[in-house]
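First the structure, in the form of structure tokens, and then the observations on it.
The chains referred to below are lettered A, B, ... by the order of the sequence lines, with proteins before strands, and numbering in each begins at 1.
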Amino acid sequence: MRRSRGRRLAVSIGKPLAVFVPVFLLGTFFTFLLGHLSGRSPAYIQLGDAATPEAVAAVEHEWGLDRPFGVQYVDWLGDIFRFDLGESWFNGHSVAEVLLDRAVITLSAAGVALVIGVVAGFALGALAARFHATWVDRAVTGFTTTISVLPPFVVGIALVAVFAVSLDLLPAAGYVPIEAGLGPWLSHLILPAIALSFDTVADVARQLRDGLVSTKRENYVTGALVRGLGPRRIFFVHVLRNGVGPALAVLGLKFPALLGGAVVTEAIFGLSGYGVFATQAAIRGDVPAVQGVLVVSVVLVVLFNLVVNVVLNRLAPAAARGV
Amino acid sequence: MTQAPVVTPAAETVAETHPEDVLVLEDVRIHDDLSDTELVHGVSLRLRRGQVVGIVGESGSGKSLTCRAVLGILPELIEVSGGSITLLGRDAATLTRRDWTALRGAAIGAVFQDPASYLNPSITVGKQLQEVLRVRGGLSRKDAHRRAVELFDSVHLRDPEQVYRQYVHELSGGMLQRVLIAIAISLDPDILIADEATTALDATVQAEILDLLAELTERLGLALVLVSHDLAVVAQLCDEVLVLRDGHVVEQGPTARILHDPQEAYTRLLVAEHEQYGLERYLGTTADAVLPTEELNRV
Amino acid sequence: MIKVLLRLPSARIAIGVLLVIAVITLFGPVLAPYDPLQGSDLTLAPPSAQHWLGTDYTGRDVLSRILAGAPLSIVSTLEVAGIALVLGTIPGILSVYLGSIFEWVSLRLIDTLVALPFLVFAVAMTALLGNGITQAMIAVGLLVAPLFYRVARAATLTVAQSQYVEAAVLAGASTGWIVRRHVWAKVLPPIAITLATTLGLGLVVISSLTFLGIGVQPPTPTWGGILASDLDYLPQKAYAPVFPAVIILVTVLAFNMLADAIRDAAGQSGRVLVGARAAKANRARRVAA
């Protein structure tokens, strides 16, 4: 009947690990398989289409591509654990090093989008739940439904057209590192982040609203009411804490979309993050570079979800247990 | 128990407040706006300090709704449509939300069936009692903790310090009901409502909780409203009994008279069943255990 | 259920819009007033009697490009949904019946597909596997399949655990018979909802890919591709993206409205609203009396 705090924490990490270790292994395996199935070869990138079969064989031997599939895979997976993502077939640069610079840009945009998603989503969801079944609720629901169907590339272009081109308030393209100041950094990121965040705002708001509305019907809310606690206290301490589970869980699901959306928003806003890098590398057939992006994105998703799970467990042990 | 029961026939509607009356219901009617039907057709009762009144009835007889009306927590779209409820001399109809919040806990407390569901699953039970003592009782964090442990001890929870740190899922039903009782009496209310508070519990635990309620009534001078589908439970503790069926008061009077000289056929049936099968038969009917929440979910 | 569906105003609007889109898809290239690939000297012209939606940066008629781009955008969306339907629904139903090993493996695969950053993988798969529209559809279809898998599995589970199926199993019915006889009826409404949702999502993803120049290369007209070329000339013609964006949005919205309407028609929501209205009327009547 008694369980120690330590064990509770261990379970909160262990259970998601059981889900995400297979995700990591399968995700990276897909990635490797994709490179293999593509039939791309560094030889054509380096030698052109007119290369002789002997020359192609020589280049492929040099890259170790003539070894059996299993050997190449194990070797590749081993390298990943040493943070070695191989070298680009295109220019021989270390993929890990190139990605590190690029990931900062992508993660900055995704991070700001996440903050917008959490703040706006929570505010809207809480507002709709507070005024459940009134015009406020309907207005919020209508708004979130509308923004959830707006694809990021449409929102992105609209934002550029309005705020950058027509009103000339914010820069249309480019990235400034945070060392150059918070203002310039944010001014370059805010539009792409807003474009990315719409879907997250809508989903977080919806889940929070539904979670709060159903929590308000729980007996322990009646219990708190009968104890003479005020409505504000009941909402923040008892309702919010237990009703926040689905909204947090959806945040974990939305993170991949924020990373994936980078492909489009970076193209619109001229950010040289890893999305643009992935597109260019994929079109060039630079397999190690593409694989690098995919592996990094899988790792980021797995890490983010582990964090979400731990937070969820701390905040609402019952919700995390599925009670 | 120490006081002579006051008989209030359902027909009598003249309000005659006695200074000792903490709760007076005059012909209270409850209406469901969704189905447009009246669910409770006039309940009157009068409760003094230290007195115990019982409400007996089957599922859907309106006993839980009556309790909720007294607590000001009727479900949405259900409301008091007639009569009056007077809490400590104040007409409930005139109370604002703020007044209700101030009254609940300090003047009136309640415990329910299925105690586990009435406690927040994400916060330790001790913190939930401490919260009330801090927010409503104005105690400091440290004093509230000390007082909470005292209260847990006073409802005979073994190892109160340990219980303080536990979550709902780590405690048994009987222990949780003691926790809820401790929370309900923490602000020294005048009235305690126990709505099917012993229903889902084992026979021995049920007896212990009833003993505890009896002890608290005497020690703290609480006025207790004991609601149950089980005549045996009510008979043990109550000075006065009110028998409800389909929202009508079938019979009302001193417990001894109701038990030994029931006037109505329905009451005679309840008493006869009770005598025939004894306590065990009632304890076996756990199907009734889901009643109060069912009543709520009708909306 | 279809009768109920057609009574809902939102369903009628959605179906009406989708019929118009269908006509554009079927006859768009024929209806186009100009050659969508032929440029002219009249570049970035505003809308006029000759060019209803204006011209683009090489003087091509925008209306003609949108009409000509419809088949590729819509047909590939349909194919994405079809691929996802097959790849998701069948394993989803079978996961309940084919034993625990298949169930475990398929669940882990679905977990993984859901966790992958969708667009990055779609771009990578399409481009690496040959950068054609077929590759794009297969990649997107595979990545969307989990939606169908989960819905089909959930619906099948409720059916499998119900008593009449148990009775059929005890009576010696084969798995195939049970699926045909009992499972389809329960699985179909949620699948229809998911299909409508997926069509909307598929169009967004296909448009995103063509916007990036993945799967289809310029000058072939696609709705996403038109947006991409408009983006480069925003300073000259800021409102240009409105036309392709509107047609994409209207189509996506119609698919989503259809999904919601099917959900309402299948009777999973909407009753509460009716109940609240009746309650208000009842109360008003009582207070007045």
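- Heavy-atom distances place the side chain of V165(A), and not its backbone, under 4.5 Å from chain C.
- With a threshold of 4.5 angstrom between heavy atoms, Y274(A) approaches chain C through side-chain atoms but not through N, CA, C or O.
- Per-residue heavy-atom pair counts under 4.5 Å with chain C were compared for N305(A), T279(A), V162(A), V293(A), and the maximum is reached by T279(A).
- Heavy atoms closer than 4.5 Å to chain C are found in both the backbone and the side chain of V149(A).
- For chain C, the nearby part of L253(A) is the side chain; its heavy atoms alone come within less than 4.5 Å.
- Ring geometry for H36(A) against F69(A) counts as perpendicular: the plane angle is over 60°, on a 0 to 90° scale with 30° as the lower cut.
- Only the side chain of F30(A) comes within less than 4.5 Å of a heavy atom of chain C; its backbone N, CA, C and O stay farther away.
- At distances below 3.5 Å, not a single donor-acceptor pair connects side-chain atoms of Q207(A) with backbone N or O atoms of V250(A).
- Atoms CZ and CG, on F198(A) and L150(A) in that order, are 6.5 Å from each other to the nearest 0.5 Å.
- Rounding to the nearest 0.5 angstrom, the gap separating the CD1 atom in I248(C) from the CZ atom in F211(C) is 10.0 Å.
- In the displayed structure, I101(C) atom CD1 is contacted under 6.0 Å by at most 12 heavy atoms of other residues, nucleotides or ligands.
- For the atom pair Q72(A) CD and L65(A) CG, the distance stands at 5.5 Å (nearest 0.5 Å).
- The contact between L227(C) and chain A is made by backbone and side chain atoms together, counting heavy-atom distances below 4.5 Å.
- Of the two parts of D111(C), the backbone and the side chain both hold a non-hydrogen atom closer than 4.5 Å to a non-hydrogen atom of chain A.
- Heavy atoms of L300(A) lying under 4.5 Å from chain C are absent altogether.
- In this structure, the separation between OG1 on T197(C) and CG on L147(C) is 8.0 Å, given to the nearest 0.5 Å.
- Each of A240(C), S207(C), P244(C) has some count of heavy-atom pairs under 4.5 Å with chain A, and the biggest count is that of S207(C).
- No donor-acceptor pair closer than 3.5 Å links the side chain of D137(A) to the backbone N or O of F131(A).
- Of the listed residues (L119(C), L253(C), V205(C)), the one with the most heavy-atom contacts under 4.5 Å to chain A is L119(C).
- Around the OH atom of Y73(A), the shell of radius 6.0 Å holds more than 12 heavy atoms that belong to other residues, nucleotides or ligands.
- Contact annotation for V301(A): only side-chain heavy atoms (C-beta onward) come within less than 4.5 Å of a heavy atom of chain C.
- Side chain of T55(C) to backbone of A45(C): a donor-acceptor contact under 3.5 angstrom is found.
- In this structure, T265(A) OG1 and I194(A) CD1 are separated by 12.5 Å, a value rounded to the nearest 0.5 Å.
- The residue among V154(A), L26(A), V263(A), L294(A) with the most heavy atom pairs within less than 4.5 Å of chain C is L294(A).
- Ranked by heavy-atom pairs under 4.5 Å with chain C, the first of G156(A), A278(A), G260(A) is G260(A).
- The candidate from L249(C), I214(C), D260(C), T126(C) with the greatest count of non-hydrogen atom pairs under 4.5 Å with chain A is L249(C).
- In terms of non-hydrogen atom pairs under 4.5 Å with chain A, the most contact-rich of D232(C), L201(C), L109(C), V252(C) is L109(C).
- Among the candidates G130(C), A115(C), A228(C), the residue making the largest number of heavy-atom pairs closer than 4.5 Å to chain A is A115(C).
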